[in-house]
J.: 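Provided herewith is a single structure, encoded as structure tokens, for subsequent inquiry.
Only a predicted model underlies this, so the values are computations on that prediction, with no experimental measurement involved.
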Amino acid sequence: MNGVVLTGHGGPEKLEWRDDLIVPTPGARDVIVKVSAAAVNNTDINTRTAWYSKGDGESGDATWSGEPLSFPRVQGIDVCGYIVAVGDQVDPARVGERVLIEPCIREADGKILDTPWFFGSECDGGFAEYTRVAARHAYPINSNLSDLELASFPCSYSTAENMLTRAAVKSGETVLVTGASGGVGSAAVQLALARGARVLAVTSAGKAGKLKALGADQALDRNADYLSALGAEQVDVVIDLVAGPKWPSLLDVLRPGGRYAVAGAIAGPQVELDVRTLYLKDLSFFGCTVLEPDVFGNLIRRIERADISPLVAETYPLREIGAAQQAFAEKGYIGKIVLNLT
């Protein structure tokens with residue numbers, strides 16, 4: 001089969017097109033999915049560049065879980081496709097189902113995992129014609145959306161849904177979303193609105209109008225002084241994907257008893273914390289990587305009810321993954337970039 005493999009940590013040159021990859025075969029509890037579309041993600045790029053490593057990238061901790069990465073690896077955490085084969089313990093009636101694959105994997109190779117894996121990281125993913133996954137992680141989807149549109153949902157929207165779930169966002173609350181024009185950020189804006197929250201979106205000036213059209217009550221320039229612009233203690237929940245030097249002001253705008261959830265650090269992972277702010281304001285912090293068990297199923301239901309809409313900015317054929325990832329890195333868009341495998 002055709003596909004793209006990651007041959008090692010480094011730049012785009014580590015992505016290699018192959019036409020001789022072996023089609024996977026299902027284990028007893030697996031399904032084989034013919035991939036129709038797969039989206040580009042920070043996760044795939046961060047894994048390629050060893051960004052997750054706290055060392056030099058050579059110490060085997062360059063994945064979400066900290067498990068060593070083996071090469072060659074078929075990446076691709078966002079997958080929409082169709083089941084074409086099933087294992088002995090899977091209902092054969094599932095053949096033909098259109099599915100989205102849950103990014104957070106709790107079962108692989110017939111075993112329940114002690115530490116969750118991430119699709120396309122600790123196991124092969126969707127940047128190839130066919131992929132294998134435990135049947136429990138292939139969720140049927142009933143939607144009028146195209147495969148390309150559906151492929152924009154799994155990783156970004158489940159990450160956002162998980163953050164909002166962990167932070168227990170409720171109707172009527174005010175939620176500040178940083179990095180709001182990206183895949184996870186724009187998903188968080190939509191999903192917070194679906195909960196009845198008021199959303200403040202932090203973005204660049206050129207993207208403010210699109211985020212307000214999406215439903216954000218206010219679009220705040222990312223270079224602004226958050227405290228001056230919003231006032232102290234005006235926000236119930238911060239959904240942070242940025243971190244970096246402006247991080248302390250995110251705590252200043254939180255109300256006493258506020259909640260802070262984080263799943264990214266694109267402006268820099270090192271921040272300055274005055275611990276007195278944390279305990280005197282009774283704040284709660286949530287680091288969000290592993291999905292809560294009900295998150296992906298809830299997301300599927302939101303898609304089927306059309307509570308949320310896909311935001312596909314650009315599409316590329318899989319062969320042009322290098323160009324797609326370059327466009328992704330330039331951040332000149334709102335939403336997701338999707339690869340077409342059909």
Side-chain angles (χ1 to χ4, degrees), residues 1-6 17-41 43-44 47 72-111 113 116-158 291 295-297 299-300 303-304 310 312 315-319 321 336 338-342:
M1 67 177 180
N2 296 328
V4 172
V5 297
L6 179 67
W17 174 265
R18 298 270 298 275
D19 59 9
D20 61 350
L21 299 176
I22 298 173
V23 177
T25 56
R29 296 201 296 270
D30 295 336
V31 296
I32 302 300
V33 175
K34 182 172 175 54
V35 180
S36 52
V40 176
N41 263 284
T43 297
D44 300 311
T47 299
R73 169 67 70 220
V74 177
Q75 291 189 283
I77 195 170
D78 267 331
V79 174
C80 177
Y82 296 80
I83 294 176
V84 294
V86 300
D88 294 342
Q89 297 179 25
V90 181
D91 185 351
R94 295 204 63 185
V95 172
E97 284 182 351
R98 182 162 67 155
V99 296
L100 295 180
I101 294 180
E102 185 176 19
C104 185
I105 302 299
R106 290 179 169 82
E107 179 181 344
D109 299 328
K111 300 177 182 177
L113 302 171
W117 288 359
F118 291 89
F119 201 61
S121 181
E122 290 84 0
C123 63
D124 283 344
F127 291 162
E129 286 185 273
Y130 298 92
T131 191
R132 177 179 68 182
V133 70
R136 62 186 284 194
H137 296 302
Y139 281 68
I141 181 77
N142 180 17
S143 171
N144 291 326
L145 296 173
S146 70
D147 296 345
L148 289 166
E149 290 172 320
L150 288 173
S152 70
F153 285 118
C155 185
S156 293
Y157 281 74
S158 65
L291 301 185
V295 161
F296 202 69
L299 176 61
I300 293 291
I303 296 169
E304 292 180 333
V312 177
T315 62
Y316 291 78
L318 178 62
R319 260 188 195 272
I321 187 173
K336 295 296 294 280
V338 182
L339 300 166
N340 189 349
L341 279 80
T342 59

J.: Quick check on side-chain contact (heavy atoms from CB on, under 4.5 Å): which of Ile300, Val295, Leu299, Asp78 does Tyr157 satisfy it with?
T.: Leu299
J.: Enumerate the salt bridge (charged side-chain N to carboxylate O under 4.0 Å, His left out) contacts for residues 133-144, please, sequence neighbours excluded, ordered by first and then second residue.
T.: Glu107-Arg136
J.: Among all residues two or more places apart in sequence or in another chain, which pass the salt bridge (charged side-chain N to carboxylate O under 4.0 Å, His left out) test with Glu129?
T.: none
J.: For Asp20, what residues pass the salt bridge (charged side-chain N to carboxylate O under 4.0 Å, His left out) criterion, not counting sequence neighbours?
T.: Arg18
J.: Of Gln75, Glu122, Arg73, which is the lone residue that meets side-chain contact (heavy atoms from CB on, under 4.5 Å) with Thr47?
T.: Gln75
J.: Taking only residues two or more places apart in sequence or in another chain, which ones pass salt bridge (charged side-chain N to carboxylate O under 4.0 Å, His left out) with Asp44?
T.: none
J.: Tell me, do Ser152 and Val338 make a side-chain contact under 4.5 Å, heavy atoms counted?
T.: yes
J.: What heavy-atom pair brings Cys123 and Trp117 nearest, and what distance separates the two atoms?
T.: CB-CE3, 3.8 Å
J.: Mind checking what makes ring pair (Phe, Tyr, Trp, His ring centres under 6.0 Å) contact with Tyr139, not counting sequence neighbours?
T.: Phe296
J.: Any pair with a residue in residues 79-89 that passes salt bridge (charged side-chain N to carboxylate O under 4.0 Å, His left out), sequence neighbours left out, goes on the list, sorted by first then second residue, please.
T.: none
J.: Output yes when a side-chain donor or acceptor of Arg98 lies under 3.5 Å from a complementary backbone atom of Ser143, and no otherwise.
T.: yes
J.: Check whether any side-chain heavy atom of Asp30 lies under 4.5 Å from a side-chain heavy atom of Val133, and answer yes or no.
T.: no
J.: Can you confirm if the NZ or CZ of Lys34 lies within 45° of the ring axis of Tyr130 and under 6.0 Å from the centre of its six-membered ring?
T.: yes
J.: Quick check: closest heavy atoms across Met1 and Pro24, and the distance to 0.1 Å?
T.: CE-CD, 3.8 Å
J.: Using only atom types and a distance under 3.5 Å, with no angle test, would you say the side chain of Arg29 pairs donor to acceptor with the backbone of Ala108?
T.: no
J.: Exactly one of Asp124, Asp109, Thr25 should register a side-chain hydrogen bond (donor to acceptor under 3.5 Å, both in side chains) with Arg132. Which one does?
T.: Asp109
J.: Closer than 3.5 angstrom, by distance alone: can the side chain of Asn340 be matched with the main-chain N or O of Thr342 as a donor-acceptor pair?
T.: yes
